[in-house]
Student: 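First the structure, then my questions, so here it is.
For the single chain, residues carry numbers from 1 onward in sequence order. As the structure lists them, so they are numbered: ligands from 1, and atoms in each ligand from 1.
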Amino acid sequence: MIREARVFADSDLLTHAVADESLRIALDAVSVAGRCSICLSGGTTPKSLNELWAHEYATRFPWKQIHLFWGDERYVPPDDERSNFRMARETLLSRVAIPAANIHPMRTDFQHLADAAAAYESALLDFFGERPQFDLLFLGVGGEGHIASLFPGSPALNEPLRWVLAVEVPAEPPRRLTLTYPVINSARNVFFLVEGAKKREIVSAIRRDPELENSPFPAARVRSTGRVIWFLDQAAAF
Ligand code: 6PG
């Protein structure tokens with residue numbers, strides 16, 4: 001089920017619309033709370049948004065009040081080409097005036113993944129002081145409907161309490177850290193960024209899927225208490 005979808009003729013129009021909407025959310029959050037918490041997604045789709053933020057929005061975005069977190073991370077060193085942190089560093093963090101203390105990556109240097117998951121839960125608790133409620137949380141969608149590193153059939157889909165889990169996924173690299181639904185569903189704004197013809201089938205399947213709770217598609221199970229918007233380009237749209 002897709003409640004709200006915005007379809008754009010191409011990636012550039014989509015990316016500008018997301019940048020404008022995220023700027024509005026950021027300025028509102030900063031005016032209310034003095035800061036704005038944004039949870040980035042991994043994968044490749046966010047690259048164009050990061051680059052747009054780093055150029056056209058470099059001086060318009062209140063980077064000094066922005067705090068960046070990650071929805072999931074591949075358990076590889078931060079300079080590994082598969083690292084979601086590295087992608088963000090190269091396309092955004094190294095190009096905007098965001099204080100280093102405002103950048104909250106998932107650490108991947110623990111011997112045990114479970115300790116890394118617990119460490120990120122502590123980092124979230126330190127920042128939010130309670131259950132994390134992101135002002136804006138981004139999600140991409142995998143071809144089989146996964147979000148963050150919550151894959152179809154994973155026990156992590158049914159986690160009722162933990163905020164961060166260590167998981168093994170049927171993708172490369174398999175060892176990962178991921179936020180859970182208790183956190184994803186607490187976000188004030190959830191933006192799905194989905195582009196390209198290769199995503200058309202999964203978007204159409206989720207659209208047709210009446211299920212919510214027990215959907216086979218992790219993306220369809222998102223039921224945030226806040227706004228949930230699917231940003232689609234024409235190629236991915238139904
Ligand atoms: C990851 C992501 C993952 C991603 C989807 C879509 O670490 O891989 O967080 O959930 O968002 O796989 O990836 P693309 O944007 O590359 O299609």
Student: List the closest protein heavy-atom neighbour of atom 13 (O) of ligand 1: residue, atom name, distance to the nearest 0.1 Å.
Tutor: G43 CA, 3.9 Å

Student: For atom 10 (O) of ligand 1, state which one of P218, G140, A148 supplies the nearest heavy atom.
Tutor: A148

Student: Can you list the atoms of ligand 1 that are under 4.0 Å from a heavy atom of T45?
Tutor: 14 (P), 15 (O), 17 (O)

Student: Classify the contact between R176 and ligand 1 as side chain, backbone, both or neither, using a heavy-atom distance cut-off of under 4.0 Å.
Tutor: side chain

Student: Which word best sums up how the rings of F192 and W230 line up, parallel for under 30°, tilted for 30 to 60°, or perpendicular for over 60°?
Tutor: parallel

Student: So is E195 in contact with ligand 1, going by heavy-atom distances below 4.0 Å?
Tutor: no

Student: Any Lys/Arg nitrogen of E90 or K47 sitting under 4.0 Å from an Asp/Glu carboxylate oxygen of the other?
Tutor: no

Student: With only distance considered, is N84 within less than 3.5 Å of ligand 1 through an N or O on each side?
Tutor: yes

Student: Taking atom types as modelled and ignoring hydrogens, do the side chains of S215 and D209 form a donor-acceptor contact shorter than 3.5 angstrom?
Tutor: yes

Student: Between D72 and ligand 1, which part of the residue brings a heavy atom under 4.0 Å of the ligand: side chain, backbone, both or neither?
Tutor: side chain

Student: Considering only heavy atoms, which of L193, V141, V194 lies nearest to atom 6 (C) of ligand 1?
Tutor: V141

Student: Would you call K199 and E195 a salt bridge, taking side-chain N to carboxylate O under 4.0 Å as the test?
Tutor: no

Student: Per the salt bridge (charged side-chain N to carboxylate O under 4.0 Å, His left out) rule, what does the pair list look like for residues 102-117, sequence neighbours excluded?
Tutor: R107-D109

Student: Quick check with a 6.0 Å cut-off and a 45 degree axis cone: is R176 positioned over the face of F151's six-membered ring?
Tutor: no

Student: Quick check on contacts: which atoms of ligand 1 are under 4.0 angstrom from a heavy atom of R74?
Tutor: 1 (C), 7 (O), 8 (O)

Student: Under 3.5 Å, is there a donor on one side chain and an acceptor on the other for N158 and Y181?
Tutor: no

Student: Among protein heavy atoms, which sits nearest to atom 5 (C) of ligand 1, and what does the distance come to when rounded to 0.1 Å?
Tutor: H146 NE2, 3.4 Å

Student: What class does the angle between the rings of F128 and F134 fall in, given that below 30° is parallel, 30 to 60° is tilted and above 60° is perpendicular?
Tutor: perpendicular

Student: Can you report which non-hydrogen protein atom sits closest to atom 16 (O) of ligand 1, along with the distance?
Tutor: T44 OG1, 2.6 Å

Student: Does any donor atom in the side chain of T91 or W53 lie under 3.5 Å from an acceptor atom in the other side chain?
Tutor: no

Student: Any nitrogen or oxygen of P46, main chain or side chain, under 3.5 Å from a nitrogen or oxygen of ligand 1?
Tutor: no

Student: What protein heavy atom lies closest to atom 17 (O) of ligand 1? Include the residue and the distance to one decimal.
Tutor: K199 NZ, 2.6 Å

